[in-house]
Protein chains: 2
Amino acid sequence: MTDPVSIRERLIDCGLKITPQRIIVYQALLESDDHPTAENVIRKIKSTHPNISVGTVYRILETFVKSKLISKLKTEKDVMRFDVRTEEHHHLFCCESDRIEDYHDENLNRMLEEYFRRKRIQGFRINDIKVNIVGQFKVKKS
Amino acid sequence: MTDPVSIRERLIDCGLKITPQRIIVYQALLESDDHPTAENVIRKIKSTHPNISVGTVYRILETFVKSKLISKLKTEKDVMRFDVRTEEHHHLFCCESDRIEDYHDENLNRMLEEYFRRKRIQGFRINDIKVNIVGQFKVKKS
DNA sequence: CTGCGTGCAAATGGTTTGCACTACG
DNA sequence: CGTAGTGCAAACCATTTGCACGCAG
């Protein structure tokens, strides 16, 4: 469980007003180790805070994304999924299930950065590079 | 305009039955240079074939995806987009608009393949790697 | 105080589906 | 011929939104 105080600080750092709902949502995100859907977050919250509204959670998630506090994940599926980790990282997508895992690899980051520093893409300024690695997990989730 | 005969062949190669609707949809996809949404495809088709049904187009697109004839692309926006190109390639995503362009780079492919042949990911078998390059186009679409 | 954030519920809109009919192979 | 594909319209469902109220700064 992350200290609510540090959550407050992070929200303030992003220029966001502190509200109980925002703290609850952020905490729920931090406690989800995988990449939850909005519905996952809502269900997790509802058990302890039944009074929070669905629309509010969606609005908060969207606010967080705009403030770069979290990010949205693109999959071929139609539900949006969210990611609290802010460090540069990539993702492993399972093509047989909806499992998604983080993939941290500093060497890969360096290699790509180096590659694209030399090889410019004509007429395009790169802000960010995300590698989507699609395949199968050999062992099922513990 | 791609020769309908070769379209037939491609469908047959994928084990798909030939129907006029499938040929029309595939032709529309081939004629869209960018990465159309289902709605784009439907609108393009409706002008010449007003009788084709929306549900049918969605079903055909889904069939094509399952047969690996085309692929789905997801953006931070919530609409699905489709891609007819079957060669290995990556994408440039504009963070200011919904523009998406193909990015072909054989050197990049070789580098990544080489990298991941050496560095295995524990407990994961890689099928495919897609690089999402996010940034801004310096020149607007002609 | 003042306006942004919230709860609620209704609306939205892209996508899916049930059913009867059609036509591909 | 039999079964997979289609048209149509209704259903679905994740997400958004309008409005009145509440609370953070």
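Here is how names work: the chains are called A, B, and so on, in the same order as the sequence lines, proteins then strands, and each is numbered from 1.
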Q: May I have the distance from B:Arg81 (atom CZ) to C:dT15 (atom P), rounded to whole angstrom?
A: 12 Å

Q) Can B:Lys130 and B:Asp128 be counted as an ion pair, charged N to O under 4.0 angstrom? A) yes

Q: Could I get the full list of ring-ring contact (aromatic ring centres under 6.0 Å, His included) partners for A:His49, not counting sequence neighbours?
A: none

Q: Would you please indicate if the ring centroids of B:His35 and B:His91 are separated by under 6.0 Å?
A: yes

Q: Give the nucleotide from the list C:dT15, C:dT6, D:dG7 with an atom nearest to the side chain of B:Ile52.
A: D:dG7

Q. Between B:Tyr26 and B:Arg10, is there a cation-pi geometry (under 6.0 Å to ring centre, at most 45° from the normal)?
A. no

Q. What is the distance from CD1 of B:Ile42 to C1' of C:dT15, rounded to the nearest Å?
A. 9 Å

Within the sub-3.5 Å range, which N or O atoms of nucleotides 18-23 of chain D have a protein N or O partner, and how far apart are they?
unit_1: D:dG18; atom_1: O6; unit_2: A:Arg59; atom_2: NH1; d: 3.3

Q) Looking at C:dT6, C:dC24, D:dG25, which one has an atom nearest to any side-chain atom of A:Ile18? A) D:dG25

Q: Find the distance A:Glu62:CD to D:dA14:P and express it as a whole number of Å.
A: 16 Å

Q: Ignoring backbone atoms, establish whether B:Thr56 has a side-chain N or O less than 4.0 Å from OP1 or OP2 of D:dG5.
A: no

Q. A:Tyr58 side chain N/O closer than 4.0 Å to the phosphate oxygens (OP1, OP2) of D:dT15?
A. yes

Q: May I ask you to evaluate whether B:Thr37 reaches the phosphate of C:dG14, defined as a side-chain N or O under 4.0 Å from OP1 or OP2?
A: no

Q: Taking only Lys NZ, Arg NE, NH1 and NH2, and the carboxylate oxygens of Asp or Glu, determine whether A:Arg110 and A:Glu114 approach each other closer than 4.0 Å.
A: no

Q) What's the CG-P distance between B:Leu61 and D:dT6, to the nearest Å? A) 11 Å

(Q) Can you work out whether A:Thr19 or B:Glu39 has the more 5'-proximal nearest nucleotide on DNA chain C? (A) A:Thr19

Q | Distance, rounded to the nearest Å, where B:Ile60 contributes CD1 and C:dT15 contributes C1' | A | 15 Å

Q.
According to ring-ring contact (aromatic ring centres under 6.0 Å, His included), who are the partners of A:Tyr58, at least two apart in sequence or on a separate chain?
A. none

Q: Would you list the pairs meeting salt bridge (charged side-chain N to carboxylate O under 4.0 Å, His left out) in which at least one residue belongs to residues 38-60 of chain A, sequence neighbours left out?
A: A:Glu39-A:Arg43

Enumerate donor-acceptor pairs with a distance under 3.5 Å from any side-chain N or O in residues 13-20 of chain B to protein atoms, sequence neighbours excluded.
unit_1: B:Thr19; atom_1: OG1; unit_2: B:Arg22; atom_2: N; d: 3.1

**Q.** Nearest-nucleotide comparison on DNA chain D, the residue closer to the 5′ end among B:Leu16 and B:Lys46
**A.** B:Leu16

Q) Just how far, in rounded Å, is P of D:dG7 from CZ of B:Arg22? A) 12 Å

**Q.** Residue pair B:Phe82 / B:Thr37: nearest heavy atoms and the distance that separates them
**A.** CD1-C, 4.4 Å

Q) Rounded to whole angstrom units, what separation is found between the CZ atom of B:Phe64 and the C1' atom of D:dG5? A) 12 Å

Q.
Could you check whether any side-chain heavy atom of A:Leu92 comes within less than 4.5 Å of a side-chain heavy atom of A:Arg99, counting everything from C-beta outward?
A. no

Q. Could you give the CE-to-C1' distance, from B:Met80 to D:dC13, as a whole number of Å?
A. 14 Å

Q: Describe, as an angle rounded to 10 degrees, how the axis at the first end of the helix from C:dC1-D:dG25 to C:dG25-D:dC1 is tilted relative to the axis at the last end, five pairs per end.
A: 50°

**Q.** N or O in side chain of B:Gln21 less than 4.0 angstrom from D:dG7 OP1/OP2
**A.** yes

